[in-house]
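Chain A is the first sequence line, chain B the second, and so forth, proteins listed ahead of strands; every chain is numbered from 1. Values in this document were obtained by computation on a predicted structure and should not be read as measured data.
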Amino acid sequence: MTITKSAWYLAAALLVFAPVGARVLTWPSGQPAEVDAGQAQAGEVLFHHEWQPNDPLTQGGDGLGPVFNARSCVACHHQGGPGGGGSVEHNVLTFVVRPSVPDQPPRQGVIHTFAAAPQYQETLAHVDPSLPSLTASQLQSTRGNRRAMPTVPPGISLTQRNTPALFGLGLIDALPDRVIIAQERQQRVQHGMVSGKGDALPVGRAPRLADGQVGKFGWKGQVPTLADFVQAACANELGLGNPGQAQPVPLGQPNYRPVGLDLTLEQCNQMTAFVASLPRPVERPPATPALQAKAAAGKALFTKIGCADCHTPNLGSIEGIYSDMLLHRMGSDLSGDGPTYYTPPPQVVKSAPSTAPLPDEWRTPPLWGVADSAPYLHDGRAKTLHEAITMHGGQGARVAQRYAQLRPEEQGQLVEFLQTLRAP
Amino acid sequence: VAVYFVCSCGQDLGASEKQVGKEIPCPACGRHVLVPPPQLRKFRFSSSPFPLFETSVQAAAPRSRHSLKTRQKAGAKANEREPVAIPAAPKEPGVSPVGAGADEASAAYPVLPEPADGGVEEFQQAVQMEEARRLLARAEADLAECRARTFPWQRERYWLQCLLYPLRAVFLLFGLAVAWAVLTTFLVATLPDTWDAAEVTPRLPLLMPLGLLLGYTFAAFRCTLVSAARGEAGFIAWPGFDLAQTAWSGLVGLVCFLTGPIVPAVVAYLFWLESGDLTWVDELILWELATLTVAGWALAMLAAHGGGKLRYATLGAAAKLVHKLGYRLLGIALIGAAVATFVGLRALGALADLQEGLEGWLILIGWWTGTLCGLVFLLRWLGVSCFRARKLRAQRRRQERNNKEWDRLAAAASPRP
């Protein structure tokens with residue numbers, strides 16, 4: 001039997017593309033693993049549990065505190081149901097004190113709102129003696145929607161973080177790092193390969209950690225996995241030390257030593273399973289045909305004026321996430337230094353170079369469920385979606401400008417579209 | 001002055017291109033010095049520079065000392081091209097044997113004029129003298145050509161020697177690299193923010209210098225490839241300032257890329273885009289795809305320029321060529337392309353440093369120089385290999401023909417039963 005010329009060509013093509021095909025087939029799919037229902041149920045109990053000092057659920061630890069921001073997870077994550085975002089009253093106050101000596105790491109952390117005992121109560125004066133002796137809860141809302149911040153001396157930065165919604169985080173956790181890096185490359189190709197032009201153009205960068213992982217959680221994308229995110233939140237917000245993250249030491253009591261761990265790894269996994277089991281937000285069309293047409297027009301405008309450049313509707317296998325999960329520079333008005341919140345991993349040789357997020361760099365927050373997660377922006381300064389759009393600066397300034405140039409009815413259409421993105 | 005050289009006494013000398021192969025006196029020492037051929041020589045473009053498909057390889061093979069038949073044929077052709085100049089006889093009205101009114105016929109069928117008063121002998125002497133002069137002039141020309149062929153460097157015999165070719169052509173390649181670096185910087189700086197028609201359309205005229213430089217680079221590649229495939233050595237072939245050939249070379253180069261090598265190139269681009277942080281496996285895959293792209297493109301260029309027609313600028317024609325000239329050619333293309341792409345891919349980080357000031361810019365020029373050198377090395381090696389393969393094939397055919405002739409003679413001489 002003679003082999004035809006076409007057969008030879010086919011064999012050559014197969015040989016050429018076999019390695020790339022085999023490699024593509026080994027890529028992770030991005031589909032989340034099935035959550036164990038029992039684990040999720042147990043996690044739900046812990047999520048709703050009102051923690052107390054020396055709580056019986058903690059085994060060997062000191063329970064809630066000594067410093068904390070809330071007594072339960074659901075106390076902050078409640079908008080649109082358990083797991084949702086939180087109001088501005090639950091904002092977390094963070095600080096960074098930059099050393100006067102170069103090459104020294106900055107002192108950074110959270111000024112907790114509450115304490116298990118009066119001697120542990122943290123105030124601004126603990127950050128720097130020149131600051132007033134006010135607790136986080138004593139900062140009243142005087143400007144916009146966020147808490148009024150005192151004037152701070154140079155080298156000190158105080159910023160707030162609004163509680164994010166947790167819906168659909170299981171999908172984000174399963175998202176391969178490859179997809180986020182591909183998004184970064186696409187934006188660079190689309191808007192020119194030069195990083196210098198990225199200050200004005202929507203060219204983001206993947207939040208890379210020192211061990212080579214890509215950060216997916218947190219306002220600055222500083223946490224790589226959902227498990228790490230849950231453990232960091234338990235430790236920092238509730239004062240529940242766990243195998244993944246130690247509980248914070250009161251700022252005024254640096255010699256405080258916890259008696260043991262408050263949560264076991266099993267409990268952390270249960271809470272992670274519960275968060276991963278939370279359903280993803282939905283796109284719910286308005287009730288009337290007129291409003292539906294308005295929302296459809298708004299969706300077209302969303303792409304037309306460039307919102308979709310960063311708030312990418314689909315990312316990998318996740319449809320309707322409306323985020324590219326990249327860090328973007330948002331301008332000096334939206335600047336906010338802050339702690340990593342999560343203990344960063346050690347630098348790994350040969351991993352991609354990691355650069356800490358700049359003060360004005362923020363991870364694009366997914367817009368799914370945005371209608372049920374007011375207030376907006378990292379510190380909740382925007383009460384409405386309209387305000388949030390107009391406050392975009394830096395790489396988002398051009399889009400904000402285009403939005404401002406729209407007719408009021410067109411702006412209404414765009415907001416109407418965003419109102420269709422609801423919590424589950 | 002086209003050629004610069006140094007006399008043995010150390011005096012710097014210059015000469016025009018016409019003086020190549022001749023001797024000129026040195027003003028310092030008075031000795032006669034042979035003018036060497038120039039290092040950079042303008043390439044002679046032709047439609048079918050080294051016919052690979054239609055014309056027989058034998059006809060295209062270079063002159064060989066052993067190929068008497070070929071030389072005779074070539075000599076006969078030369079004689080046809082250059083007819084013997086007959087000395088014009090003094091015209092006298094009415095003397096012509098054809099007679100008056102036969103001008104048209106004499107133009108179509110030239111007839112020797114009648115011998116002058118000296119008679120036939122004198123006329124024959126004049127003809128012989130003219131023939132002798134012609135032979136002398138031809139001998140002088142052959143001598144000059146022979147001297148001109150005393151190349152400063154010989155045709156490469158091993159692949160390592162081909163690495164020297166880009167070094168010899170470094171001034172040409174460096175000039176191209178600087179031009180590419182400037183153009184790259186300019187194009188990147190003026191890239192549209194988005195790929196909308198409104199932003200792209202005003203920038204379309206910028207594609208003209210890109211097309212021109214691309215065409216010129218392809219023309220330089222073509223000169224390298226064709227010159228090597230012709231078996232030329234001793235100088236760097238360059239395209240000169242021929243706009244038509246530049247445009248044609250650019251077109252051929254693009255068609256060669258679009259008719260096959262574009263597929264692995266697009267696959268490599270999409271793979272790079274989607275693969276995230278590259279592991280060594282990913283880098284190997286990218287290297288493999290880039291190698292196949294460059295090798296396929298180079299072979300298609302060889303086929304296109306060897307065939308002399310655009311329809312040969314395909315991977316199919318390249319496959320046919322490889323089948324005809326031997327699979328060694330494919331191996332050479334793959335290895336050469338692997339070297340070229342290795343150089344190119346390793347230094348691709350220069351693009352990211354484009355805005356890092358002078359350092360980044362120098363790295364960019366270095367990247368372009370390295371990549372162009374790698375590609376020129378590949379094309380030179382491929383061309384030389386093609387020349388040797390054709391020569392070998394011609395020798396094999398000649399041997400076969402001789403063997404057949406011997407067999408025929410032996411069969412004729414053998415006693416019949």
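Neither the backbone nor the side chain of B/Leu315 comes within less than 4.5 Å of any heavy atom in chain A. Using a 4.5 Å cut-off between heavy atoms, B/Glu274 touches chain A through backbone and side chain atoms alike. Heavy atoms of B/Thr279 lying under 4.5 Å from chain A belong exclusively to its side chain. Both the backbone and the side chain of B/Leu273 have a heavy atom closer than 4.5 Å to some heavy atom of chain A.
Counting non-hydrogen atoms of other residues, nucleotides and ligands closer than 6.0 Å to CZ of B/Phe186 gives a total of 12 or fewer. The number of heavy atoms from other shown groups lying within 6.0 Å of CD (B/Glu283) is above 12.
When each of A/Ala13, A/Ala206, A/Ala182, A/Ala12 is scored by its heavy-atom pairs under 4.5 Å with chain B, the top score falls to A/Ala182. If you tally non-hydrogen atom pairs under 4.5 Å between each of A/Asp177, A/Val16, A/Ile180, A/Val24 and chain B, the highest count goes to A/Val16. Per-residue counts of heavy-atom pairs under 4.5 Å with chain A were compared for B/Leu284, B/Leu289, B/Val281; the largest is that of B/Leu289.
The heavy-atom pair separating A/Arg178 from B/Ser275 by the smallest distance is CG-C, 3.4 Å.
For the pair A/Arg185 (side chain) and B/Gly276 (backbone), a donor-acceptor distance under 3.5 Å is present.
Between B/Asp277 and A/Arg208 a salt bridge is recorded (basic side-chain N to carboxylate O distance below 4.0 Å).
To the nearest 0.5 angstrom, B/Leu292 atom CG is 7.5 Å from A/Phe17 atom CZ.
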